[in-house]
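First comes the structure, then the notes that go with it.
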Amino acid sequence: NAADKKVLAFVVNGASDFWKIAEAGVKKAQGELPNYNLQLKYPEQAAAAVQQRMMDDLVAAGAAGIMVSAVDPKNQVEHLNKIASQTLLFTTDSDAPNSKRIAYIGSSNVDLGKDAGKLMLKALPNGGKCVGFVGLPGADNARERIEGVKETIKGSKVELVDVRGDEIDQTRAKRNVEDILAAMPDVSCLVGFYSYNTPRIYEVLKEAGKLGKIQIIGFDEDPITLGGVKEGAIAGTVVQQPFEWGYQGMKLMAKYIEGDKSGVPANGIIIVPGKVIDKSNVDDFMGSMKAMLKK
Amino acid sequence: MNKKDLSLLVLILVVGAVVAFINPRFLYVGNLSNTLNQVGMFGIFSIAEAFVIIIGGIELSVGSVIALLGVLFIDLIVNHDVNWMVAFAAIIASGLVIGLVHGALVTRMHIQPFVVTLCGLLIYRGAARYYTEDATAGFGFGASFPTLEWLTAGRTNLLGFPVPHSLVALIVVAAIAWVLLHRSVFGRYLYAVGKNEEAARYSGIRSERVMVSAYVICGGLTAFAAILFAMYTRSISPAVHGSFYELYAIAAAVLGGCSLRGGEGSIVGVVLGTVLLQVLQNLVNLLGIPSSLNFAVMGAVILIGVLADQYLVQRRQRVSTAKGRTQASLAAAPLEG
Amino acid sequence: MNKKDLSLLVLILVVGAVVAFINPRFLYVGNLSNTLNQVGMFGIFSIAEAFVIIIGGIELSVGSVIALLGVLFIDLIVNHDVNWMVAFAAIIASGLVIGLVHGALVTRMHIQPFVVTLCGLLIYRGAARYYTEDATAGFGFGASFPTLEWLTAGRTNLLGFPVPHSLVALIVVAAIAWVLLHRSVFGRYLYAVGKNEEAARYSGIRSERVMVSAYVICGGLTAFAAILFAMYTRSISPAVHGSFYELYAIAAAVLGGCSLRGGEGSIVGVVLGTVLLQVLQNLVNLLGIPSSLNFAVMGAVILIGVLADQYLVQRRQRVSTAKGRTQASLAAAPLEG
Amino acid sequence: MTEPFLELVDISKSYPGVVALDHVGLAVSPGEVIALIGENGAGKSTLMKVLGGVVEPSGGRIRVDGVERNALTVAEAITAGIAFVHQELNLFDNLDVAGNVFIGREPVHGGPLRLIDRKALYAKTQPLLDRLGADFAPDAPLAELSLAQRQLVEIMKALSLDARLVIMDEPTSSLTLSETDRLMRVIAALKAHGVSIIFITHRLNEVMQCADRAVVLRDGRMVGALTRAELSPAAMIRLMIGRDLKSLYVPPAAPPGEPVLDIVEAVTDTYPERTVSLSVRRGEILGLAGLVGSGRTELARAVFGVDALRGGAIKLNGEAIRVTNPRAAIDHGIYLIPEDRKGCGLLLDVSIAENISLPDLASYLRYFLVNTAQETKNARVQREQLKIRAPDVATTVGSLSGGNQQKVVLAKWLSMRPKVLIFDEPTRGVDVGAKQEIYEMLRRLTDAGVAILMISSDMEEVIGVSDRIAVMHEGAISGFLDRSQFSEHNVLQLAVGHAV
Ligand SMILES: Nc1ncnc2c1ncn2[C@@H]1O[C@H](COP(=O)(O)OP(=O)(O)OP(=O)(O)O)[C@@H](O)[C@H]1O
Ligand SMILES: Nc1ncnc2c1ncn2[C@@H]1O[C@H](COP(=O)(O)OP(=O)(O)OP(=O)(O)O)[C@@H](O)[C@H]1O
Ligand SMILES: [Mg+2]
Ligand SMILES: [Mg+2]
């Protein structure tokens, strides 16, 4: 009887393909946890208030555990504590270390940014001007990635001169790339900080006939990004492993509920490192992705 | 309570009963209290919107004002150590000023309210984002303003039910607004100006003043809501905080019987409209409907409700001597003699 | 071109000149061509919106329709291997049906257009998200439909200027719409119904049909725009694609002289309104203004433009014999007998 | 007389709480001019709306050329050759004159797009303008026309139809004598071409001028018909209201006193180079006559503070006052009853009681709130006094007949304490019985010391009611007439700018 099963919810911070991969992980975990009802929840808007509301409702509906990618972890602490007092709470994607969450499972955005920074240094041995593109420049993940990049390229001749935001509107994302090409003829490298930014960069450069002349560095594993990497037009992309978050996280929660707390380290932080995908390993990666999403 | 409000209430009860039947947790004290907390916050700015809609205007900047004033409020008390009562007063005053500016642009410069407030929507949002450099404004961990928190986001136990203070605030605001709109001279003037500004002027009503007052009231109430939201989320990402809230507000007002042509609407209706919208939100989460369908469910229930209401109205009319055509012409154009 | 359109054109030229002065790259062929490409796409659905606004309605579901139909279009040709011409026709047909349903709900069931299309906004967005399970719908890497791509997103060199085909589409659509609105009997009826529906009915105009047609035209054009957008971004995240575009459309229409009370507006104005909005977007990126100020700049320029225009109008009126009251009273009250 | 081509048989129509028509029959023969008369709310407009396809009757049959139906649609009525000049204007102020005249029947170039043949449109409009002697252009925007000019446009609309039957519902209510004369000639010409006309009016001399017969409605029933030979004002009045009427003019109880309202060299927007000076004395009715567009309404609006005065001054009891908005005027005791009741006078979908109390809400206050009981009570009193025909004071004003709406506008102001009353066309669309009552009321007011400025385009009314007449011509006063000088001729001479 489905109603009697304990509910474990994975609450994400907004709809995107990225979470599809996590969902695949959750599904895999579901296969191994027949006594639980695992759900992946998308708030209808990427706003803290909406997400809080959703978690309140989940608690009201009797969820046994919640794993959340908090929209705004720094300031949601109090609310997270409230949830943690009523049910088992994990964080993922971006941590809230000061809260009473039991564990964090995810990557470190600063580290991911550093990886991207290294890619930039490698792609531009003689230095150059770079412009970044991102959905919400103020969001924590964007800030941390940018911080990581800046830290790595500090002191080199590579410069990140501007980061353009687009409110997650892809039309504007593409438009921003077009405008930057028009405004800055001497730009030598474009960085897509959100998953959909890199494909838009790739398309604009392709239409302008500038593939190969301007370097592209990306984040995440959009199919077009991977295609570009394979083709050599994109220097490389830094990916996270949301599949593992979903899979490991759910299993860990179930274990924890059943009383086995050994999987959670003392500081509660479980980092799943990111991966740098370039021409050398892109085929392997694409293969494993396909395998993951098939389930 | 008029017929329109009544049928809205029936719709809410039906939806509530269905939800409670499928998932009895809907009726749990905690859940009801949470929902009512939301009703409190959303209701206040929906009433604000109703004032402007009644005079035949529209206010699209509600969401952006909530973001901008929320950011300012948090900044004042967290970063500038301003006493919260002073900050509270300053924010309400800013809301009133925003309303005054909108009203002046509409009445003095004769710019369409839609244009004025659309520009407001864009400008305030931009200002909020620029002010924080797109970063989130928040209380940070451990920051604590016990009195303020208790007043705005706290709950008081009443016969075992934790009554959210935002609901108390809504009840007070609604009661005052009700008296103002439905019993006072000023309310009469609001409706008169909304129905026929020219005729109102010929009756000695200073229609421009009345219109400006409506925008000012709207601004003030929105500022109040902004503080409640800021204290609820305790953090504001200026890029998204409160976005689309103007649509919520207008939807609640329209559901509650306001006509965008002005001159119509009741406070009870607006509050019920807010309740319906919030129950629908609650429903999606409680029934485990995929979140992607959240909006769709909301739209579908509203549409079905309005359609059912309209169907009943039309049937009643067909039964009585009046014919359907009359209704159509009433809705579309003023009666003629 | 009437006076209102002219002052809008002046505003565009002034803004353009200022931008070109600060950053001459504004005038580069590539940049102009990019901007005109955007104008093409945004212009088409703004004209769609104008049709509905002219009959005194409103269409809020534009953005959601663009998301839903875009997703369906990509899905049809990418995943179901439907011939693109068939898919094209199917999408346009869906747009027309959506318009028909909206029109029928407004005229037959007498539901306020705001409510109908707000529900549309919610339902179509939800449907798009549910259909793809919130995943992005897109052309995979290397997927290629050369003819379709060339037709919708390509550019043709004309005297060294790469003319985007979306602009060509807009020009064709605008020309037909212009003839229809300003020279045909049907256009007359649209204006008449928008101004005074009852009087139109007394004149033997089938006002319901006219209203439904406006919604149908709007639906069809929006569907066309949806295809252009899908081919431009080549990938659609259903949760956000096209969101807020209804505000763009309404803003363009209102800037272009449409009144939300119906019965007013010109096609030239709407196109100019679109141009202004797109130039403003371009300006933010070209002048290196922080993206967070994008909206604020847009709002501020619109407001200043409208204010300047209004100021000039008022001065002209004070100078000429015409009386200011005409303006105000005409706007406020329906015709009288 | 030829066979009737159109017959209404046993037509009934009821609205909630009102029986507007009760088994009414009417037959129309070609080339016949029928006057339809009756008190306000008798059902005249409703009957005509049934014929025009605008209102669906609840019972009865309509026979057109022998084909019998239960109801007509607007399109069917037009096809049957019925043209309709509505009592309340149905025009579009976003179109020009020609566009309004041919709305729904635009000349087209042909082809699937049905493009408008603009040349033909304007060419076809000009002769209609000439026929009515209108002085505006076919491409003038309707928004810039005055009420009377709009009424002419509405008439042109009907004339352009080549109809077999033209229905005119109070076409002359805002026309002055000269336009009315011209309209009478147009009617005669139509009749000569075999076109039938049904004509509704409250001005009985017009019935005398043109009607072949008069049909009288009372309370939704047909109470009688008068042939041409039987037509006389007295006979019509008797049928309409069931009693005789005394003469219009009642002399004031005391000779007029000192000037109350002085308008000194006032300049308005439309005629910036002309000035108007006049004074209204305590206890007198000063009639203000003039042709359409002579600037009378304009003057009234300026005095009442709706428009700003461009120059000159206004004095009340000898003291200059500044009136910048209607509220200020009202606070000074100067009231205006506007000519345009639908646009400026009333809130149509609001109850009678709330309309009446609107300008004076402050006096209904109890504990800062509106005392609705007192509001209702006062409204009932007004309804009694003015004989407003309505089921209750909670009825919305929009469902009243035109004349009764006018009475509500009057009631708004009469419940307050005026010093100066400006009436702009006070009896537009009011039936004879009620007119008499209104005139009596005017006199009661002046006897109580009020000064009244009565703008009127109804010659009979101006001459019959005023103590003194001022005549305007193109924005200036062209002369004053004392009672001894009153005559249609003198008024007309001054109205066209000649001296007397
Ligand atoms: N739409 C309506 N709803 C309700 N009652 C109506 C409506 N239209 C007319 N009536 C009522 O029907 C009756 C007849 O009205 P009608 O307009 O035909 O009078 P009339 O003879 O034209 O009067 P007037 O001379 O004042 O124009 C009136 O009592 C009026 O109140
Ligand atoms: N709404 C308006 N817009 C523009 N012009 C107007 C308007 N109303 C009136 N006018 C013009 O103002 C002039 C004076 O009109 P006004 O209404 O004062 O005349 P009037 O003597 O009251 O005549 P009547 O009311 O019988 O038309 C006319 O030339 C008329 O065309
Ligand atoms: Mg009538
Ligand atoms: Mg006049």
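Note: hydrogens, waters and symmetry copies are ignored here, and every other heavy atom, side chains too, is used. In this text the structure is predicted, and so the values were computed from the model without any measurement. Protein chains get the first letters and strands the later ones, always in sequence-line order, with residue 1 at the start of each.
- For C:Arg125, no part lies near chain A; criterion is any non-hydrogen pair under 4.5 Å.
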Check: Could you go step by step and tell me if A:Glu178 and C:Asn285 meet the side-chain contact (heavy atoms from CB on, under 4.5 Å) rule?
Finding: CA-CA 9 Å; A:Glu178 289 176 350; C:Asn285 282 332; over 6 Å; no
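- Between A:Arg175 and the choices C:Thr233, C:Asn34, C:Asn37, C:Thr35, the side chain to side chain donor-acceptor pair (under 3.5 Å) rule is met once, by C:Thr35.
- Side-chain contact between C:Arg234 and A:Pro199: absent, with no pair of heavy atoms (C-beta onward) separated by less than 4.5 Å.
- When heavy atoms are compared at a cutoff of 4.5 Å, A:Asn176 approaches chain C by way of both its backbone and its side chain.
- More than 12 non-hydrogen atoms from other residues, nucleotides or ligands lie less than 6.0 angstrom from OH of C:Tyr131.
- A:Tyr196 does not touch chain C: none of its heavy atoms, backbone or side chain, sits under 4.5 Å away.
- Heavy atoms of C:Phe229 lying under 4.5 Å from chain A belong exclusively to its side chain.
- In this structure, chain C has no heavy atom under 4.5 Å from any part of A:Val161.
- The ring-ring contact (aromatic ring centres under 6.0 Å, His included) test applied to C:Phe26 returns no partner, not counting sequence neighbours.
- There is no contact between C:Glu149 and chain A, counting heavy-atom distances below 4.5 Å.
- When C:Asn294, C:Leu287, C:Asn23 are compared by the number of non-hydrogen pairs under 4.5 Å with chain A, C:Asn294 comes out ahead.
- If you tally non-hydrogen atom pairs under 4.5 Å between each of C:Tyr245, C:Tyr28, C:Phe244 and chain A, the highest count goes to C:Tyr245.
- Contacts of C:Leu32 with chain A are absent, with no heavy-atom separation under 4.5 Å from either backbone or side chain.
- When all heavy atoms are compared, the tightest approach of A:Ile224 to C:Phe139 is CD1-O, 3.5 Å.
- The closest side-chain heavy-atom distance from C:Gln281 to A:Asp179 is not below 4.5 Å.
- Of all heavy-atom pairs between A:Ala183 and C:Arg25, the closest is O-CD, 3.4 Å.
- Residue contact with chain C, scored on non-hydrogen atoms closer than 4.5 Å, involves the side chain of A:Glu231 exclusively.
- Applying the side chain to side chain donor-acceptor pair (under 3.5 Å) rule to C:Asn31 yields the partners C:Asn282; only residues at least two apart in sequence or on another chain are considered.
- Nearest heavy atom pair, residue C:Arg129 against residue A:Pro43, reads NH2-O, 3.9 Å.
- Contact between A:Gln170 and C:Ser235 at its shortest, heavy atoms only, is OE1-OG, 2.8 Å.
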